[in-house]
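Everything below concerns the one structure shown next.
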Amino acid sequence: MKNTTLLLTFLALALISACGTPEVAKEYQTKTYVPDELQAALSSDDPSVRADAAAQVEAMSVGQRKAVMLELTRDERPTVRMLAVGLIGKHLAGDNQAVDLLAEMLSLDPDQDVRGTVVAALGGTRNGTALNALLEALSTDTSLAVRRSAALALDRLTGQSFGAEMAARVDAAEDAADDAMMNYEDWFDANQGALK
Amino acid sequence: MKKWVFLFVLLVAVGGYFYVQYRIGEARKFAEDDVTVELTDAGIREGLLSSDPKRRLDALAQIEKLPEAERMHALLAALEAPSAPTRLTAVTVLGKEFAARPAAVAGLTEAAKEDPDPDVREAAFNALAASGDTAILELAAAVLLSTDEPLGVKVRAAALLDRLTGKSRSEDLRTSFTTAEEAADDLSMEWDDWLGENRDRLRWDAEAGRFTGAD
């Protein structure tokens with residue numbers, strides 16, 4: 001009798017918890033953990049205000065800090081997302097959920113600077129997922145600068161040195177962009193009044 | 001025993017109820033996301049000011065129903081929307097319909113220079129290039145000068161400058177960009193092979209601060 005009771009109770013609780021989990025997950029996705037003032041400070045133009053705000057996040061309890069950092073990665077402002085990614089790299093490098101989120105950001109974030117910060121954060125993790133995410137970025141990212149950073153992060157994480165030649169070619173292309181820009185600056189200066 | 005069976009059935013029923021409610025909620029959300037409602041003029045005006053990105057986007061998609069002057073004003077206002085898809089739609093429609101108007105050129109120039117989303121910036125840039133306004137020359141030069149723009153965007157800006165001015169000053173850039181992209185493609189294949197061969201052997205070595213165990 002006792003065993004049957006225990007078994008039935010266990011089954012019932014398991015069923016209810018299985019039904020309830022998605023709701024909890026959804027709430028986690030939509031709940032706001034970041035007060036408006038903190039959000040404003042994190043995106044301030046003043047670096048010292050941003051640094052103070054980041055320090056506030058770092059001073060939070062571990063659970064609250066994680067929730068805040070993960071929420072900030074969904075902020076509309078690239079500067080806030082970069083800051084969040086930097087904090088995740090510093091405090092959650094061994095957290096599987098955070099690494100999965102960084103991997104997702106690397107393939108989806110529209111801003112190349114944010115993706116560059118994600119590459120740096122993934123380069124500091126000890127998780128095999130990071131290697132796959134970095135290879136994906138090296139293969140498909142639309143920004144050569146991000147691909148270059150991903151190649152160098154892969155080298156660093158594995159002790160290989162495959163990326164040096166590619167990095168040199170990207171540097172050469174960037175130099176060529178600077179040269180083209182100077183060519184055009186000179187040309188504009190000489191022809192500005194004459195253009196129609 | 002009967003009491004426990006009854007309790008179990010009750011708990012299953014309660015669990016089932018919540019599960020069904022959850023599924024209904026998901027289905028509703030999916031339906032809301034997918035269906036575009038036919039809007040009246042007032043609905044479009046209201047939708048354009050909504051804080052819900054989907055409502056704004058729906059309203060923008062039907063903006064042709066509004067009178068021309070109001071339409072351009074609303075599109076210019078939508079360039080300030082927080083969601084990138086809304087701004088991208090606004091830029092695209094502005095470029096198609098109003099690229100000859102100075103106010104639209106000013107808005108597109110601002111978007112091409114300042115929008116935080118590279119797709120929006122590039123769409124605005126392309127809209128201006130099609131407009132024939134001389135602002136595009138300065139803008140293309142600014143793109144080349146920028147430290148924020150991806151190299152690919154700079155290459156397209158340089159190619160546009162070459163085309164608009166009849167000069168060929170960016171050949172080196174195009175060649176070195178293509179070479180760098182090819183090097184990146186080759187490297188990604190090399191890494192793909194390497195990881196395929198070594199992934200199972202890799203272990204984190206705390207002392208070395210990297211993965212070790214590869215051949």
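Chain letters run A, B, ... following the sequence lines, proteins first and then strands; every chain starts at 1.
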Decide side-chain contact (heavy atoms from CB on, under 4.5 Å) for B:L79 and B:L75; before the verdict, give the C-alpha distance in whole Å, the side-chain angles of both, and the deciding distance to 0.1 Å. CA-CA 7 Å; B:L79 294 178; B:L75 287 165; over 6 Å; no
Considering all heavy atoms of both residues, which atom of B:R121 and which atom of B:A111 are nearest to each other, and what is their separation? CG-O, 3.6 Å
Any donor-acceptor N or O pair under 3.5 Å, side chains A:S48, A:D46: yes
B:R55: what forms a side chain to side chain donor-acceptor pair (under 3.5 Å) with it, not counting sequence neighbours? B:E46
Any side-chain donor-acceptor pair under 3.5 Å between B:E171 and B:S168? yes
Taking B:G209, B:A214, B:A180, B:A157 one by one, which has the highest count of heavy-atom pairs under 4.5 Å against chain A? B:A180
Would you please say whether a donor-acceptor pair under 3.5 Å links the side chains of B:T179 and B:S176? no
B:R156 and B:N126: side chain donor to acceptor below 3.5 Å: no
Counting only heavy atoms closer than 4.5 Å, note whether A:L144 contacts chain B via side chain, backbone, both or neither. side chain
Side chain, backbone, both or neither: which part of A:T79 has an atom under 4.5 Å from a heavy atom of chain B? neither
Least distance between heavy atoms, A:L106 atom then A:A133 atom: CD2-O, 3.5 Å
Where do B:L60 and B:I63 land on the side-chain contact (heavy atoms from CB on, under 4.5 Å) test, with the steps shown first? CA-CA 5 Å; B:L60 264 183; B:I63 201 169; 4.0 Å; yes
Is it the backbone or the side chain of A:P110 that comes under 4.5 Å from a heavy atom of chain B, or both, or neither? both
So which part of A:D113 gets closer than 4.5 Å to some heavy atom of chain B, the side chain, the backbone, both or neither? side chain
If you tally heavy-atom pairs under 4.5 Å against chain B, which of A:N183, A:V170, A:T142, A:L131 wins? A:L131
Assess the residue pair A:R148 and A:D171 against the criterion (side-chain contact (heavy atoms from CB on, under 4.5 Å)); give the C-alpha distance rounded to whole Å, side-chain angles, the decisive distance to 0.1 Å, and a yes or no. CA-CA 9 Å; A:R148 177 188 189 282; A:D171 291 344; 3.0 Å; yes
Heavy-atom proximity to chain A below 4.5 Å, by part of B:L195: side chain
Quick one: what part of A:R147 sits under 4.5 Å from any heavy atom of chain B, side chain, backbone, both or neither? side chain
Which answer fits B:D185, side chain, backbone, both or neither, if we ask what part of it has an atom under 4.5 Å from a heavy atom of chain A? both
Side-chain ion pair, B:D205 and B:R210, N-O less than 4.0 Å: no
Heavy-atom distance under 4.5 Å to chain A: side chain of B:L187, backbone, both or neither? both
Heavy-atom pair of closest approach, residues A:A145 and A:Q112: CB-OE1, 4.2 Å
Tell me, for A:E174 versus chain B, whether the close heavy atoms (under 4.5 Å) come from the side chain, the backbone, both or neither. both
Counting heavy-atom pairs under 4.5 angstrom with chain B, the leader among A:A137, A:A173, A:A180 is A:A173
Greatest number of non-hydrogen atom pairs under 4.5 angstrom with chain A, of B:E138, B:K154, B:R174, B:E190, falls to B:E190
What part of B:R199 gets within 4.5 angstrom of chain A, counting heavy atoms only: side chain, backbone, both, or neither? side chain
Top of A:S143, A:S139, A:G124 for chain B proximity - count of heavy-atom pairs under 4.5 angstrom: A:S139
Under 4.5 Å from any heavy atom of chain A - which part of B:D162: both
For A:D111, is there an ion pair with A:R115 - N to carboxylate O distance below 4.0 angstrom? no
Do any of residues 154-164 of chain A come closer than 4.5 Å to chain B, heavy atom to heavy atom, and if so which ones, in number order? A:L154, A:D155, A:R156, A:L157, A:T158, A:G159, A:Q160, A:F162, A:G163
Per-residue contact mode, B:D192 against chain A (heavy atom under 4.5 angstrom): both
If one checks every heavy atom of A:A177 against chain B at 4.5 Å, the contacting part turns out to be both
Does any backbone or side-chain atom of A:D179 lie under 4.5 Å from a heavy atom of chain B? Answer side chain, backbone, both or neither. neither
Which atoms of B:W204 are under 4.5 Å from chain A, going by heavy atoms: the side chain, the backbone, both sets, or neither? side chain
Taking A:A98's backbone N and O only, do any of them form a donor-acceptor pair with A:D95's side chain (distance below 3.5 Å, no angle check)? yes
Atom CD of A:E104 with >12 non-hydrogen neighbours under 6.0 angstrom: no
Does the side chain of A:T129 pick up a donor-acceptor pair with the side chain of A:N127 at under 3.5 Å? yes
